Amino acid sequence: MHSPAQSETRLPMPSICATSGLDPLRRHSRLFPLLAAAALASACARVPELEDRLTPDLRGAAYPALVPLEDALHPGTSAAEESKALEDTLEARAARLQARADRLRAAQP
């Protein structure tokens, strides 16, 4: 088995989850004020690439009228109804084209 000399020469296994004595939330709490200050500073920054793209007539334009959500999302026709209408239109057009082709064939000697 193992001799006492072998057990003394073994190194202790390092702990993957070892911390410096502080819990993770407290350890990172010093970063929160710094991140908040950076976010506030970037929110106040002027973005000339976006502001300079507006033409004078767009800058003076009125805001669009607000529409109630119910009116904007009114239930329209369903996809099945739209596809049926498109199918009927295409079939009618195909029938007209076929009749025209038949008339042209009949007119040729």
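Residues take their numbers from the sequence shown, with the count starting at 1. This one's a predicted model, so the numbers in the text were calculated from it and none came from an experiment.
Distance check: Leu86 CG to Glu82 CD gives 9.0 Å after rounding to the nearest 0.5 Å. Atoms OG1 and CZ, on Thr89 and Arg93 in that order, are 10.5 Å from each other to the nearest 0.5 Å.
Sparse packing is recorded around CG of Leu66, with 12 or fewer heavy atoms of other residues, nucleotides or ligands lying under 6.0 Å away.
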So Lys84 and Asp88, side chain to side chain contact (heavy atoms under 4.5 Å, CB included) or not? Walk me through it.
CA-CA 6 Å; Lys84 178 65 176 156; Asp88 293 342; 3.4 Å; yes
